[in-house]
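Following: one structure in structure tokens, then a few remarks.
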Amino acid sequence: MNEKYEVNLVESDKSVIKNSKKKESSINNHNFVSQDLRSIIKNCLLKSNTKINKILLIGNKSNYIYDQLHQVFSDVQFIIANRSVKTLNLFNNKNIEEKNYLVHFIDVFDGRALFNFTLKFNKFDLVIISNLYNHNENKKRIRYSARFIFKHLIKKKGIFCIVNSIQDSESSIFPYLKKVKPLLNNKIKMKISEGPLNLTIYVKK
């Protein structure tokens with residue numbers, strides 16, 4: 001029987017982004033933007049001076065996000081992770097001719113699975129979690145997951161991006177990493193047919 005447990009994490013994150021109030025106000029704006037995710041990621045890479053060699057995509061919009069990022073990062077290694085085997089098979093069927101990705105089954109709320117994933121794949125330059133955290137009402141489990149990923153799966157100067165669908169454009173943005181200030185907190189539109197999405201981006205110093 002697979003036993004689920006949460007990995008104990010330290011209370012304080014040493015990787016705190018230190019921005020002046022002036023810099024924070026210029027980066028953290030909460031207005032709706034129609035800019036696509038690809039452009040936002042490219043801008044964040046320029047700000048953080050980050051070079052991308054390995055990307056991890058976790059969640060239910062991986063196909064769309066991969067299509068966008070693959071156009072820019074065609075030579076990097078992608079890992080596509082999901083807790084749905086059906087979703088992973090659909091991704092494989094759609095991208096069968098591509099050679100720059102691997103698929104992996106994982107539950108981001110399972111501490112042991114995250115730990116084993118770290119041992120197998122080490123750290124990434126960019127991790128994007130899409131449409132997963134907003135489907136779990138247990139805020140403690142969400143924070144454990146986000147903190148573990150930020151601490152153990154993100155390289156120095158790496159980017160951690162969380163994309164969630166929202167019901168209300170005025171809804172408050174959940175602080176996934178209490179002691180780390182996001183580089184960007186905003187609302188975006190990924191597809192014309194979809195409503196606005198919450199986008200939160202952290203950079204590991």
Side-chain angles (χ1 to χ4, degrees), residues 27-106 108 117 120-135 146 149-150 153-166 173 176 182-204:
I27 293 176
N28 298 326
N29 86 69
H30 298 276
N31 297 323
F32 176 82
V33 291
S34 58
Q35 195 177 19
D36 63 23
L37 183 65
R38 178 179 55 199
S39 299
I40 293 172
I41 292 295
K42 286 173 68 177
N43 289 337
C44 289
L45 292 174
L46 289 174
K47 289 178 187 294
S48 61
N49 192 27
T50 302
K51 184 178 180 182
I52 298 295
N53 294 305
K54 193 163 65 164
I55 297 174
L56 171 62
L57 305 181
I58 309 174
N60 302 324
K61 297 181 183 292
S62 293
N63 237 325
Y64 178 74
I65 295 173
Y66 175 79
D67 286 345
Q68 281 208 24
L69 297 186
H70 178 60
Q71 298 175 37
V72 182
F73 308 110
S74 57
D75 297 327
V76 309
Q77 175 71 55
F78 284 84
I79 305 297
I80 312 299
N82 203 294
R83 61 181 174 182
S84 166
V85 174
K86 180 181 178 180
T87 299
L88 294 174
N89 287 336
L90 288 172
F91 183 94
N92 264 332
N93 292 336
K94 183 178 182 297
N95 301 284
I96 193 167
E97 294 184 3
E98 302 295 341
K99 306 297 182 184
N100 66 335
Y101 76 89
L102 296 171
V103 296
H104 189 83
F105 175 85
I106 191 172
V108 296
F117 185 89
K120 183 171 183 177
F121 292 106
N122 208 345
K123 297 187 177 184
F124 295 81
D125 305 292
L126 171 62
V127 175
I128 300 179
I129 292 192
S130 59
N131 211 28
L132 281 184
Y133 286 160
N134 55 318
H135 292 308
I149 290 169
F150 187 75
L153 285 174
I154 309 285
K155 292 180 182 179
K156 187 177 181 181
K157 292 188 178 182
I159 293 176
F160 183 29
C161 178
I162 300 167
V163 183
N164 281 329
S165 59
I166 55 176
I173 296 175
Y176 301 99
L183 178 70
L184 176 70
N185 241 344
N186 220 321
K187 297 180 180 71
I188 67 166
K189 222 172 190 181
M190 287 174 64
K191 293 181 180 178
I192 294 174
S193 60
E194 293 181 344
L197 302 171
N198 270 347
L199 175 67
T200 306
I201 292 179
Y202 300 92
V203 176
K204 189 169 185 179

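Quick caveat, the model's predicted, so the values are computed rather than measured.
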Next item on the list: Kindly write out the residues that satisfy side chain to side chain contact (heavy atoms under 4.5 Å, CB included) with K86, not counting sequence neighbours, or none if the list is empty.
Entry: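 Once residues adjacent in sequence are excluded, the partners of K86 under the side chain to side chain contact (heavy atoms under 4.5 Å, CB included) criterion are S84, L90.
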Checklist line | Test side chain to side chain contact (heavy atoms under 4.5 Å, CB included) applied to N63 - qualifying residues, sequence neighbours left out | finding: F91, K94, N95
[atom1]-[atom2] distance between [X] and [Y], expressed to the nearest 0.5 angstrom:
{"X": "Y176", "Y": "T200", "atom1": "OH", "atom2": "OG1", "value": "5.0 Å"}
{"X": "N43", "Y": "L184", "atom1": "CG", "atom2": "CG", "value": "9.5 Å"}
{"X": "I162", "Y": "L132", "atom1": "CD1", "atom2": "CG", "value": "10.5 Å"}
{"X": "L45", "Y": "I40", "atom1": "CG", "atom2": "CD1", "value": "12.0 Å"}
{"X": "I106", "Y": "K120", "atom1": "CD1", "atom2": "NZ", "value": "10.5 Å"}
{"X": "Y66", "Y": "I128", "atom1": "OH", "atom2": "CD1", "value": "13.0 Å"}

Does the [X] side chain pair with the main chain of [Y], one donor and one acceptor, at a distance under 3.5 Å?
{"X": "K123", "Y": "L153", "result": "no"}
{"X": "N60", "Y": "N131", "result": "yes"}
{"X": "Y133", "Y": "A146", "result": "yes"}
{"X": "Q77", "Y": "K54", "result": "no"}
{"X": "S48", "Y": "C44", "result": "yes"}
{"X": "Q71", "Y": "D67", "result": "yes"}
{"X": "T50", "Y": "G158", "result": "no"}

Item checked: Stepwise side chain to side chain contact (heavy atoms under 4.5 Å, CB included) test for L126 and L69 -> CA-CA 11 Å; L126 171 62; L69 297 186; 4.0 Å; yes
Shortest non-hydrogen contact from [X] toward [Y]:
{"X": "G59", "Y": "S62", "value": "O-OG, 3.1 Å"}
{"X": "N100", "Y": "F73", "value": "ND2-O, 4.2 Å"}
{"X": "Y101", "Y": "V103", "value": "CE1-CG1, 3.7 Å"}
{"X": "N53", "Y": "V76", "value": "O-CB, 3.4 Å"}

Note to self: Would I79 and F117 count as a side chain to side chain contact (heavy atoms under 4.5 Å, CB included) here? Give the steps.
What the structure shows: CA-CA 11 Å; I79 305 297; F117 185 89; 4.0 Å; yes
Should the heavy atoms of other residues, nucleotides or ligands under 6.0 Å from [atom1] of [X] be counted, would the total exceed 12?
{"X": "L46", "atom1": "CG", "result": "yes"}
{"X": "R83", "atom1": "CZ", "result": "no"}
{"X": "N93", "atom1": "CG", "result": "yes"}

Item checked: Criterion side chain to side chain contact (heavy atoms under 4.5 Å, CB included) against N82, the qualifying member of L88, L57, I58 -> L88
Check: Are N185 and Y202 close enough that a side-chain donor and a side-chain acceptor fall under 3.5 Å?
Finding: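 Distance-only check fails for N185 and Y202.
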Margin query: Taking the side chain as everything from C-beta on, heavy atoms only, tell me whether F160 gets closer than 4.5 Å to I149.
Written below: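 A side-chain contact exists here, since the closest heavy-atom pair is under 4.5 Å.
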Note to self: Can you confirm whether C161 sits close enough to V127 that some side-chain heavy atom of one is under 4.5 Å from a side-chain heavy atom of the other?
What the structure shows: no
Next item on the list: Give the intermediate values and the outcome of side chain to side chain contact (heavy atoms under 4.5 Å, CB included) for residues H70 and E98.
Entry: CA-CA 10 Å; H70 178 60; E98 302 295 341; 3.1 Å; yes
Check: Should the pair D125-K155 be classified as a salt bridge under the 4.0 Å nitrogen-to-oxygen rule?
Finding: yes
Next item on the list: Please report the C-alpha distance between H104 and F121 in whole Å, then the side-chain angles of each, then the deciding distance to 0.1 Å, and finally whether the ring pair (Phe, Tyr, Trp, His ring centres under 6.0 Å) criterion is met.
Entry: CA-CA 10 Å; H104 189 83; F121 292 106; 5.2 Å; yes
